[in-house]
Amino acid sequence: MSDQESKDQVFMRQALALAERAAEAGEVPVGALVVLDGQVVGEGWNHPISGHDPTAHAEIMALRDAAARVGNYRLPGAELYVTIEPCTMCAGAIVHARIGRVVFGATEPKAGAVVSNAHTFDQSWLNHWPDYQGGVLADECSARISAFFRARREARRREKMSGS
């Protein structure tokens, strides 16, 4: 394993720990962090439901945290680690923030906008093109989200059965 792969796994494990915060709040368990010069400068996890904020995705929250800590809305050279492939909204914010590299865990076949669908970072009309790497701890990231939705479906099924 290369030093880069090892570093990516360390930071992805931190993003998975942040995803747990979302899960504890009943949110889809996605975690993200922004790393600049080897240091975590921003953290975030999903909380659009509890925060009554449709933009409160993990990536957006991590970008907001990093921008506030760094004192600049631009984060050139920074890396963003997120447990699932970013959606279109998050991909746009990543471009605007000038993130240098995005590392994600699991792909998102329905809403993923990096490799699954829109291929946002590859569009010629953009003025910034982040590097990206998918599949880091993909099995763990995917398993966490799958377990969350499985538990949610089971809870709804039990509710229906007890209400009958």
Side-chain angles (χ1 to χ4, degrees), residues 1-36 38 40-51 53-66 75 78-97 99-123 126 128-157:
M1 178 181 303
S2 74
D3 288 344
Q4 184 65 56
E5 290 170 325
S6 179
K7 181 186 93 161
D8 288 349
Q9 287 187 8
V10 166
F11 286 126
M12 189 60 70
R13 289 195 194 292
Q14 290 180 37
L16 277 162
L18 292 169
E20 279 304 307
R21 292 188 184 181
E24 290 165 4
E27 301 274 1
V28 176
V30 178
L33 51 96
V34 176
V35 176
L36 185 61
V40 175
V41 295
E43 297 181 334
W45 55 91
N46 266 11
H47 63 273
I49 299 166
S50 59
D53 180 355
T55 69
H57 289 195
E59 301 95 323
I60 301 295
M61 304 314 295
L63 290 170
R64 287 176 181 166
D65 188 31
L75 301 164
E79 297 172 295
L80 184 134
Y81 289 83
V82 61
T83 57
I84 195 163
E85 178 183 1
C87 71
T88 304
M89 174 185 69
C90 293
I94 288 164
V95 169
H96 286 292
I99 293 293
R101 180 171 177 254
V102 176
V103 180
F104 62 90
T107 55
E108 214 304 16
K110 292 181 182 175
V114 178
V115 298
S116 294
N117 294 298
H119 301 272
T120 302
F121 298 151
D122 297 327
Q123 300 305 310
L126 292 176
H128 175 73
W129 299 272
D131 291 330
Y132 55 89
Q133 164 81 40
V136 175
L137 301 181
D139 291 342
E140 291 177 48
C141 294
S142 180
R144 183 65 196 99
I145 289 177
S146 294
F148 172 82
F149 283 113
R150 189 170 36 258
R152 182 184 269 182
R153 284 189 302 273
E154 180 61 25
R156 286 186 181 147
R157 188 185 66 74

- Note on the structure: Separation between CD (Q133) and CD (E79), nearest 0.5 Å, reads 10.5 Å
- Query: Around H96, counting heavy atoms of other residues, nucleotides and ligands shown, do more than 12 lie under 6.0 Å from its NE2?
  - Reply: no
- Looking only at heavy atoms, what is the nearest atom pair of A113 and C87, with distance? CB-C, 3.6 Å
- Message: What's the separation between atom CG in L16 and atom CZ in R144, rounded to the nearest 0.5 Å?
- Response: 9.0 Å
- Item | Sub-4.5 Å side-chain heavy-atom contact between M1 and D8 | no
- Query: Any idea which heavy atoms bring L80 and I99 closest together, and the distance?
  - Reply: N-CG2, 3.9 Å
- Using atom types as modelled and distance alone, determine if a side-chain donor or acceptor of S142 lies under 3.5 Å from a backbone N or O of A138. no
- Message: Does V103 form a side chain to side chain contact (heavy atoms under 4.5 Å, CB included) with F11? I'd like the steps, not just the answer.
- Response: CA-CA 9 Å; V103 180; F11 286 126; over 6 Å; no
- Item | Working for side chain to side chain contact (heavy atoms under 4.5 Å, CB included), residues F121 and V95 | CA-CA 8 Å; F121 298 151; V95 169; 3.9 Å; yes
- Item | Between CE on residue M61 and CZ on residue R64, distance to nearest 0.5 Å | 5.0 Å
- Heavy-atom donor-acceptor pair, H128 side chain to L126 backbone, under 3.5 Å: no
- Message: Show the nearest heavy-atom pair for residues A62 and V34, with the distance to one decimal.
- Response: O-CG2, 3.7 Å
- Note on the structure: What one should report as the nearest heavy-atom pair of A32 and L18 is O-CD1, 3.2 Å
- Might you point out which heavy atoms bring I49 and E27 nearest each other, and give the distance in Å? N-OE2, 3.1 Å
- Message: Let's go through L137 and Q9 carefully: what are the C-alpha distance in whole Å and the side-chain angles of both, what is the deciding distance for side chain to side chain contact (heavy atoms under 4.5 Å, CB included) to 0.1 Å, and is it a yes or a no?
- Response: CA-CA 7 Å; L137 301 181; Q9 287 187 8; 4.0 Å; yes
- Task: Look at the side chain of N46 and the backbone N and O of A58, then say whether any donor-acceptor pair between them is shorter than 3.5 Å.
- Result: yes
- Query: Which heavy atom in A56 sits nearest to a heavy atom in P48, and how many Å separate them?
  - Reply: O-CD, 3.3 Å
- Side-chain contact test, heavy atoms from C-beta onward, threshold under 4.5 Å: evaluate it for I145 versus I84 and give yes or no. yes
- Message: Tell me whether R21 is salt-bridged to E24, with the criterion being a basic N under 4.0 Å from an acidic carboxylate O.
- Response: no
- Note on the structure: Rounded to the nearest 0.5 Å, the OG1 atom of T120 sits from the CE atom of M89 at a distance of 12.0 Å
- Query: Which value, rounded to the nearest 0.5 Å, describes the distance between W45 atom CH2 and H57 atom NE2?
  - Reply: 15.5 Å
- Counting distance only, does the side-chain N/O of Q123 pair as donor-acceptor with the main-chain N or O of A118 below 3.5 Å? yes
- Task: Spell out, as yes or no, whether a donor-acceptor pair under 3.5 Å connects the side chain of E85 to the backbone of S116.
- Result: yes
- Message: Run E59 and F104 through side chain to side chain contact (heavy atoms under 4.5 Å, CB included) and show every step you take.
- Response: CA-CA 11 Å; E59 301 95 323; F104 62 90; over 6 Å; no
- Message: Nearest 0.5 angstrom please: D65 CG to I60 CD1, how far?
- Response: 13.0 Å
